[in-house]
Each structure stands twice: as structure tokens, then as C-alpha cells.
S.K.: 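Sending over a structure as C-alpha cells; questions will come in a sec.
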Amino acid sequence: MTLLQMLIALLIFPGGLFVLVNGLAYQWARRKLIARLQNRIGPRWFQPLADTIKLMAKEQIIPDGVNALLFTGLPVLALTGALTAVLYLPIAGLPSSASFPGDLIVTLYLLSLLTICTSLVGLNSNDRFSVMGALRTLTQLFAYEAPFMLALLGPAVVARSWEISQIASSWNWLIVTQPIGFGIAMIGLMGKLELPPFDAPEAETEIVAGALTEYSGRGLALFHLARAVELVAGLTLIAAFYLGGLSNPLDYLLKTLLLLVALASIQTLLARLRITQTVGGWWRYGVLLMLAQWLVIMLGRTL
Amino acid sequence: MTLEAARDLLRAWTQTAQTPEANRLDIVVTAGDLLAAVDALKTSRWGYLSAITGLDHGREMPSLEVLYHFCSDAAIVTLRVSAPRENPSVPSICHLIPCAVVFERELAEMFGITVVGIPDADRLFLPDDWDETVYPLRKDAKLE
Amino acid sequence: MAEKFTIPIGPQHPALKEPGHFEFMVDGEIITGASVRLGYVHRGIEKAAEGRNWTQDIYLLERICGICSHVHALAFCLGVEQLAGVSAPPRAQAIRVLIAELERIHSHFLWLGVAAHEAGFDTLFMYAWRDRETVMDALETFTGNRVNYSANLLGGVKCDVTPDIASQIYRAVDNLEERTRHYLNVITSDDSLAERTRGVGVMTPEQADQLGVMGPTARASGVMRDIRVVAPYAAYTDFPIQPVTETAGDLQARFIVRLSELFESYRLIRSILDHLPAGDLKTRMPRRVKAGETISRVEAPRGELFYFIRSNGTDMPDRVKVRTPTLCNLASVLTLVIGRQIADIPMILVGIDPCFSCNDRAVSLVDNKGERRWTWEALRQYGIDYYRRWR
Amino acid sequence: MNWASILKEITVWARTNSPWVIHFNSGSCNGCDIEILATLTPRFDLERLGVRLEGSPRHADILICTGAVTRQARDSLRLIYEQMPEPKFVIAVGSCALSGGVFQGCYNVIGSIDRVIPVDVYIPGCPPRPQAIVNGILTLLERLQERERIS
């Protein structure tokens, strides 16, 4: 891979720009679908783009009593975390631009970097809603992280490798053999993106806007972009592992959109769970189901 | 529970009793007997306290009046207590009917009637920067 | 020094008439005192009512609460008509009751949506408010405005029921009845919503009766308190209404009571439209009302609305006292809390009137060791752990 | 068309296509508030114009306020206005917000919103219909486009 190819992969095609646009498009698709399910017309196609540009052009207020470096740096860190995670994924059906054995673990941690940045941002400010939002984000992180990771390591065990590109290229439809893993992965992704019913950390009627209450302008735009990129990354990961790999762009588009539709419909159907219910639910049901799933995988492997 | 039941329930403390309307009975009570009358109504479970109204008959009248309205189905009994205009005061009935505290706070801040024994006499409706000596619902209140 | 425990509840919420600021005094775990600080929307209406003549007062008193504006005007007009010894013609009384019931439907659908939004169930909020538009359209064609219909006059009503208005109301009521049945099913069967409502803020019938709780909140605990049944006014004597009560007394029971009493409203609206008495719409009303006092009580969507009107013979009222149902429910919730643990506060506050939600639920526990800050969630979590330890 | 004007064109386009809203009731009878909420529900759905109801003033561009300002609510109204980042706009909804409405002259009422904060668009009506509120927001967006182009 010459330097030029690497730069293009990093900045233009499977890397930065394409994923950003793809992320914004998927955010629009999600919001439009939810609106249509709620019998509303919903936003226009360029809405997330307009929101981001408007936020970029807005004044960034840095409240006093806040560490300015952290305040401006954390959103950038969150976005870079999400963008680097995308490098190891087969975006748009093409082989991932960089891969090494064990990059699945790196991707999983890079994906949760965003949640950690959100909680750090919340703890950094002295507004009580942000602090409360941060605490809730962290409690929820510890709840869904373990089952979500187990759900994604299941296919790795079946493919006998930790490398995403190899797992993805084993082309077997693991949704059939590991249905529970697929379900937990989907619900875990909803928890990671804090979509309802797991949006207690930013419950508008309870703590205004959670950890991001203090943010305006660029910081808010970067966080929204990071969340959009993470949505794309999560969907490609689950599609690559459970829906028989992604061979070409059309396949990629179909499978990720299918998952997006599933995500949006679950989101409209459920009321917001209280933080106690989400944490209780994950540890009681999430982990037990995953252990049962892993038992099945182990049996499968030994026979 | 009918009006007649209330009438003889409160006979001991009634100074004058009137029925201005078919379903209403007004009983004038002195401030001292108020607690006893309210206690009688409460123990015999005659309806519930619906509202407490303050009345200022006019700039020149010597006294203000406080009305305690008790409702049971269609019947309404009103206990009327009068208080001098200079520093009016009525006993608080919060220990008998706990939820009366909100009505009494409103009475105190709107009419300047000091309610003796009210658990918390903070302001209910008027803004924090409202000057205490002005009682808006009095007829002689000077409001800008 | 007893800890002063303040819940700063945000100043604005669409369904909340009087946004407030709650404060609870606690001694260790037990709540010793509770108080509320209103005034964010206090506009001095009772003083203003004394400075306007009788007809101008209708327009003022209609704007006390945007959600139940007709009921305020109705209570005032009935009171003044009682004072003046005038009674509106039967057709006007029937139309007044018709608009009151339509307003109850619109208020309950609004509350259903807002309570669902408070529980984070936005889909139900959107659907409930979409269906509410049917009754808003019916009200608009009937009285000319979606909110603040000002259909009342002293001595009668302004608007009449023409056949096509009646047919539109029939269609609206049929559609809404079918939707209410659907929502009743959603409330009882949907787990994620039941999880947030079953067993929350339970109030026993004795407490409800002793505390003087009003309206659907009382009826959900089995206490039959409904002015339309107990002291029928306007046309409720000719068109009687059956009381609807539940016994569970928790938040879910309040959902169920509010939705099932809508079926009563639909039945009442249909019977009024079927046997609408003929006759004119208003009678003559003297400009000066003779001196005297009167009390008029009306069943607003949230409970009993109490009006005390005193006239001194001139064309301006001497005193108009308005006691709104929310104030009474608020007062009784404050007394319900006393003697309970801190852990019960969120249950009771959310339970008593689920539309009383707030945007800013942070809770500050101020005691001599300084201020401990909790969120509503942390407080709720504290409650759950507290009870788990005791079990 | 140098770079600066293209950039300005884009920001103006973005600003007019994603107006985020925060709502504050400074003494209203809730008639206007429920009509504002009605504009977000399926029938009038403002999300098709990009409007989103935000919880925190930091996220919002437009402050929709209702009701004649009561003395108690005056400081929190000013506080919310100051917390909003530039460029910010204010829409006063309902005749109470425009002139104090029926409550003009009451002892606890300051009167119209523009006595406390500068107002860009006034929407009369008691309460204004959701269509009127949507029209008010549209006029604000159009005025925003012309003003940006002139300056």
C-alpha cells in the first residue's frame, strides 16, 4: 500500500469522508423511518448535513470552571476514535483498508472510546445535569459492554481468528447458528448509541440533555458526527459477522439498511427504560443468554 | 351527609346560621371556636375542605372575613370567621386538615391575615421581590 | 437541624398550569414537612377580576388555564346566573355540557400523550396527539377556535349545533372511541409502559378520602368524587353520567380511569346530540347583578373547580375566588408524603398526577454536612436499594 | 464569487434549514404552549422544516416564549436568553407575549416579552393556530436569509 493509497483510504474513500457522508445518510434514514413509523413526515434528506454545518458555524461557549483544553479536545478525540475504528471494517463491501490479527479487539475498544469521551465531558463540567448524564452513561457502559463484546467474539471463535477481514470472509450466515448472539449484538449496539429504550443518559424530560448539556457549536457537531460514524461502524460490524460477510457495495448497502430498519422499529416500539431497569436487564438476561450461546459454540467446536 | 346533620353538629359554636341557597349553609363562628367546629366536621367525616376564601368587604369596613368551605356531595357548609382589619389573625387548621396549608399560605400573603400555627409561612404565589406590606387582594392595596 | 431537602422542579411544562418548586424537610430518612413554591405563572387574576365588569370577566377567567378554559367560563357563568336569578335556556345548557365533554376528551388525550412522553414513550405521544386533532377539529368547526372557545355568555351560549356540525361530532366521537379502546389496550398490555406505571404512587381509598384529592386521581383510588354525578349542574340533570372508578390507586389505575371515563363522555355526547332540546340560545341578563354571594362547583378534567363569587349590586364583582383542582391535588400530595421515607418521594410525586412532570429533576439534599446532589434517577435507585435492604 | 461569499451562502443555507427550538413559558395559561407542542405532532410536523425541540439552551437557535412575563419568571427568561449561543432569535407567541394580552395591568405582570429580551418575530392570536406558528417560524427563516445576504 503506497503512501498515497493509504492517504486516500484514510481520508477519502473507505475512511473519513465517505464514512461521514454515509453516517449522516444513515442518521437521516433512521430519523425519517422513526418519523414515518410515528405517522409524521420527518426530516428532509439533507437535514443532518444542515444541522452539522449550522452547528459548526455557531458560537462555541466555553463555560467557566471547565478545563478549556479538555472541553475542546474531547469531541475531537471522540470523532477520531470512531473514524480509526472504521479503518478495520469492510466498509462498502471492500476489504478493510488495514488489518492485522487481533484488530477486532482494537475496534471494539475504539468504538467505546466515544462513550468514555461523553462521560469525561460530562464530568468535566460543573453543571449538575452533565454530571448526572455522565454517571448514567458510565453505568450503562458497564452494563452493555460485556454482553456486546461476547456477542461479537462469538463469530471470531467460529472463524478461529481475531482478524475482522478473516471473520468477515468466512461468508457463513451466523444469524442462523447463533441467533441469540445476533440479538444481543443488535441490542448492545442500541445501548452503545444510546438510542431509546436505552436513552436514559440523555433523557430530555429528566436531565435536559445529559452529558452534552453544556456543548454548543463545534463540540456538539463533532459529537453528533462521531455518533453517526459509530452507527455505520456498528451496523457494518454486525452485518459482516452475522449476515454472511459483505462482498460488494450493493450487498453492504442492503444488509446495513436492513439492520437499520430493525434498529429504528425497535426504537419506536419501546418506552425509555429507567437506568435501573437497563442495568438489571443487561446483567440478568444479557450475560446469561450470552453464556448459554457460548456454551453452544464451545460444544459446536469440540464435536 | 345533609345540611341538617351539619347544622346540629355545629350547633354548639354557631352564632348565626343562614341558608342563602338551597344547598348552602353559612355559619358564623368566632375565631376561638373555629378549631372545635372544624374538628367536629372532621371527626364525623362530614365531606372535605374544598377551599378557604378571604373577603374584604370594603375600605371602610372594620373587619376582614375568612370563609372555610366544606363540601359533601351537593351540600356546602361555610364557616365564617371575622378578623379585625389592623392585625387580623386566625388559628391554623393544618394539624386537623393537613392539606389546608397551601390555602392558608395564599390567604396570608394575599390578605395579610396572620395564620397562627401554620407550619411554613413561605410565600406561595407572589414573587420573591414583592414588598411584604402590600397585600394585593385587600381593597385598600396600593398597586402600581 | 432537620435537613432541608429541596427538589428544584423546572418552571415549564405544557400540561402543568402552575409550574412549581418543591421543597421537603426531612429528619434522617423520614419526611417531616413538605411545601411547594408556585408563582411562575401567577398573574393576579382574582384582583384583575374585581376591576372588570361581568362580561369582561368571562374573557379573563377563560384564560386561567388554556387546557380547561371552557370549564372556568362555565363555572363563572353558572355562578353569576345563580346570583342574578336567571337560568339559561335548556338548549344552551345542553350545548355547554356538550363543549365541556369535548374539552374533557381533548384534555385527557393531551395528558395521555404528555404522560407517555414523560415515560420516554414518544410514539404513544405522537399517536395520542394525532388523534386529539380530530376532537380539536370538531371543536373548531363548532365554536370557531381550537383552544379558548369562549362559547359562554352570561345567560346562554354563542354557538349553535347545526346538522353538519352534529354529523362531524358524531364521526369524531366514533373514531375517538375506537382509538380509546386501542389506547386502553396499550396501557394495560404494553410491558415497557406497565413497568413504569404499575404499583407506582399507590394511594389507598382512606388516604384519598381524608386528603381531599380531586377528580380522576381520587376516582382511581375508589373514592367517588365527581361533581357531575354528586351535584349535577347545567344539563347533567337531564343527561346523567355513570361514575367510573378503579380501586388499585396506582399510576396505571389513573391512566385507566381517565381513558374509561372518556367512554362515558362519548355516550353523553351522543345522547345530547340525539335529544338536543329546542329553544333559543340565550336569555336577557341584567347589567347589574343584585348583591349576594354564591358558590359554583364544576367538574374540570383534573377535578373539582370551585368558584366563590360575591357581588355588591354594581356591574363589577366584589370578589371572585377561584380554587383550581391542580392546587388541591398538589396540596394533598404534600400531606401524603409526610411520614414516608425519602425513597417514596418520586413514586408519590409522579404517581399523584402523572402530567406533573418536570424537565429538571435534579434533587439536592441540603443538610448540615453540606449539599448532596442526586438526580431523580439516583433518588429512585436509592428507593429501590432501600427497600431491597429491608426485604 | 470568492470563497468568503460561498462560505457565507452555505452557512446561511444551513442556518435556515436547521432551526433548533427551545420553549419557555414565562407566565402563559398553557393555551399557546399546547399549540406549540401541537406543531411538532404528526399533523403539522415541524421536523420536516428541520425544527427540533431541544432541552438545553446551549443547543437551541430559536427561543419560543409564551405568556405575559410575570415578575417571578423574568429573571429565568433573561437567563435562558443569555445562555443561548449566537446567532440566536426570539419568537413571541400569543397576544400575552406581544402585549400582555388580557392580563395587561395586573399587579404581578410585566407585560410583553420585548420588555425583557429583544424579539424577532411576533405571532398574534390567543392562542395562535399551529398554522400561524409554523408561518411565524417560516417568516423568521426568510427574514434571516435576506438579512444575512444584505449584511
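First the proteins, then the strands, lettered A, B, ... as listed; each starts at 1. Quick caveat: nothing in here was measured; it's all calculated off a predicted structure.
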S.K.: Is a side-chain N or O of C:Arg319 found less than 3.5 angstrom from the main chain of B:Leu137, in a donor-acceptor match?
M.R.: no

S.K.: Specify the closest pair of heavy atoms between B:Cys71 and C:Arg297, including all atoms of both residues, with the distance to one decimal.
M.R.: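 Closest pair (atom of B:Cys71, atom of C:Arg297, distance): CB-NH2, 3.5 Å.
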
S.K.: Which bit of B:Asn23 comes within less than 4.5 Å of chain C, counting heavy atoms only: side chain, backbone, both or neither?
M.R.: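 Neither; nothing under 4.5 Å.
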
S.K.: Any chance the side chains of C:Arg323 and B:His69 put a donor and an acceptor closer than 3.5 Å?
M.R.: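 Short answer, no.
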
S.K.: Would you find a donor on one side and an acceptor on the other, under 3.5 Å apart, between the side chain of B:Lys139 and the backbone of C:Asp318?
M.R.: yes

S.K.: Taking the basic N atoms (NZ, or NE/NH1/NH2) and the acidic carboxylate oxygens, is any pair closer than 4.0 Å for C:Glu293 and B:Arg80?
M.R.: yes

S.K.: Can you tell me how far CE of B:Met110 sits from NZ of C:Lys47, rounded to the nearest 0.5 angstrom?
M.R.: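 Between atom NZ of C:Lys47 and atom CE of B:Met110 there are 10.5 Å.
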
S.K.: Specify the closest pair of heavy atoms between B:Ala74 and C:Val230, including all atoms of both residues, with the distance to one decimal.
M.R.: N-CG1, 3.7 Å

S.K.: Would you find a donor on one side and an acceptor on the other, under 3.5 Å apart, between the side chain of C:Lys321 and the backbone of B:Leu55?
M.R.: no

S.K.: Once you round to the nearest 0.5 Å, how far does OG of B:Ser50 lie from CD1 of C:Ile227?
M.R.: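 B:Ser50 OG to C:Ile227 CD1: 7.5 Å, rounded to 0.5 Å.
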
S.K.: Examine whether an atom of B:Ile97 lies under 4.5 Å from a heavy atom of chain C, and if so say whether it belongs to the side chain, the backbone or both; otherwise answer neither.
M.R.: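 The answer is neither part of B:Ile97.
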
S.K.: Is C:Met224 in contact with chain B via its backbone, its side chain, both, or neither, using a 4.5 Å heavy-atom distance?
M.R.: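 Neither part; nothing is under 4.5 Å.
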
S.K.: Output the option from B:Gly54, B:Pro20, B:Ala100 having the highest count of non-hydrogen pairs under 4.5 Å with chain C.
M.R.: B:Gly54

S.K.: With a 4.5 Å cut-off on side-chain heavy atoms, are C:Glu46 and B:Phe125 touching?
M.R.: no

S.K.: Can you say whether B:Pro136 sits under 4.5 Å from chain C via the side chain, the backbone, both, or neither, judging by heavy atoms?
M.R.: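 Backbone only.
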
S.K.: Quick one: closest heavy-atom pair of B:Arg24 and C:Ile295, and the distance?
M.R.: NE-CD1, 3.8 Å

S.K.: Measuring from B:Ile76:CD1 to C:Phe306:CZ, what's the distance to the nearest 0.5 Å?
M.R.: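 Answer for the CD1-CZ pair, B:Ile76 versus C:Phe306, is 6.0 Å.
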
